[in-house]
Structure formats: C-alpha cells, structure tokens
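The model shown is predicted, which means the values in this text are computed figures rather than measured ones.
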Amino acid sequence: GFVESDGCISIEAEHYTKAISNDSITWQIIPNLGRTGSSVIPVPVSLSHNSTTDSDRHLEYEFYSITKGNVNINLYCSPTLNFANLSSGIKYAISIDDENPKIINLTNNQNPPDLNYDPIWNKWVAENINIQTSEHNLTKPGKHVLKIWAIDPGIVLQKIVIDSGGMKPSYLGPPDNYLIKYEN
C-alpha cells in the first residue's frame, strides 16, 4: 500500500491494488495519458452501470494513514465531455473502507449551450485536468482501502491524492508516495 507522508498520500491511477472487473466491463491502463503518468479507464467506454457493490467493477487502493479524522480525496481526472448526453452528468462513486459510497458528478454543467463560453470547461481543458474533491472520515490510523466505481462512461482517472491537511499547492500535485510491499 501507500503510506502517508507529511499529511498527504499521492497515488498514480495505474498503481491500484486490485481491479475488480465483470463479464461486461474491465479496466484498462492507457500509457502516458495524464499529467504525471498513465490513466485508467473502464472499457468498453459505452456502458453505464449504476451499482456500487463490492462485487461490481471498481478499483481498490490500499493505503496507510498516520492520522485519523476528516480527509479530502482529490481525484485527478481527464476532462471528459458528456458524450453519452446523460441528463445527470458523468458520475463515479468513491468510498473508504466500509463507508457508504459517495456519488460524485464529474461534470459541472451537463449540457452547456456552447462549450467555448463555459469557463470551467475551458480551465479543465487548458490544464488537462478536472480535480474533484470529496470529504471522508478515517476512524483510525492504519490500513485502509479506497474504492472507486465508474458509474457512467467517460471516467479517465489519472491520480488520487488523499489530503489530511498537509497537501501543498502545485500544478502537478504531489509525487507518488512510495509503494510498500508487505507480507502477512
């Protein structure tokens, strides 16, 4: 897993612990698609699935926290158009350990009348990143499992940053924390 350092845990998307797939959806790493590494997408990109059970497709990332309490999880995603024209936008779900998954809308304006005048979309494209933040609670220090479900098509995950108060501002985000291999 990844270990907290200076109040922050940074994980490149392709460094997942487990990729849970099913008969219709798998996870694919897209090399060098991202600011600092490779991206991960569910394929085929045309399917939606609104389930967040542990047996359904999701990514798992094991990490170790030194602190407990509220943390912000910043998901660094590639800018994605609502190509499936979903009325509720493009959604994913995220949880830590056994908490109920939080459903997050990746798009700020599902159907802007003219993308050329949508300032948020323009910023995402210019910076090649859409950072979505959700708040979670770590009940104790130690080992945890972060789970991410792609509910709608179009999710392109680049990086995850878990901030327990030490994240410093930067264009690329903090570098990948060390991956610690362990045996029971």
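- Checked against side-chain contact (heavy atoms from CB on, under 4.5 Å), S5 has the following partners two or more places apart in sequence or in another chain: N177.
- A salt bridge (Lys or Arg N to Asp or Glu O under 4.0 Å) check over residues 154-166, counting only residues at least two apart or in different chains, returns the pairs E12-K159.
- Of all the heavy atoms in L106 and W124, the pair that sits closest is O-CH2, 3.5 Å.
- Annotation: side chain of L157 is not in contact with side chain of I41 (no heavy-atom distance under 4.5 Å).
- Considering only residues two or more places apart in sequence or on other chains, E99 meets the side chain to side chain donor-acceptor pair (under 3.5 Å) condition with H136.
- Remark: of the listed residues H144, K143, E4, H144 is the sole one forming a side chain to side chain donor-acceptor pair (under 3.5 Å) with S65.
- Annotation: side chain to side chain donor-acceptor pair (under 3.5 Å) contacts of N74 (sequence neighbours excluded): T133.
- Legend: residues meeting side chain to side chain donor-acceptor pair (under 3.5 Å) with N72, ordered by chain and number and at least two apart, are absent.
- By the side chain to side chain donor-acceptor pair (under 3.5 Å) test, N128 pairs with no residue at all, sequence neighbours left out.
- With sequence neighbours excluded, the residues satisfying salt bridge (charged side-chain N to carboxylate O under 4.0 Å, His left out) with K123 are E127.
- For E135 against N70, the heavy-atom pair with the smallest separation is OE2-ND2, 3.4 Å.
- Through direct or indirect side-chain contacts shorter than 4.5 Å among Ile, Leu, Val, Met, Phe, Trp and Tyr, Y171 is connected to L172.
- For S38, the side-chain contact (heavy atoms from CB on, under 4.5 Å) partners at least two apart in sequence or on another chain are E14, I29, P31.
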Item to complete: Verify side-chain contact (heavy atoms from CB on, under 4.5 Å) between I151 and I103, making sure each step is shown before the conclusion.
Response: CA-CA 9 Å; I151 294 176; I103 297 180; 4.0 Å; yes
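- Under the ring pair (Phe, Tyr, Trp, His ring centres under 6.0 Å) criterion, Y61 pairs with no residue, sequence neighbours left out.
- With sequence neighbours excluded, the residues forming a side-chain contact (heavy atoms from CB on, under 4.5 Å) with V145 are E60, E62, D97, K147, listed by chain and number.
- Summarising the hydrophobic clusters (Ile, Leu, Val, Met, Phe, Trp, Tyr; side-chain heavy atoms under 4.5 Å, direct or chained), the residues clustered with I129 are Y76, I131, V161, M167.
- The number of heavy-atom neighbours closer than 6.0 Å to NZ of K18, taken from other residues, nucleotides and ligands shown, is 12 or below.
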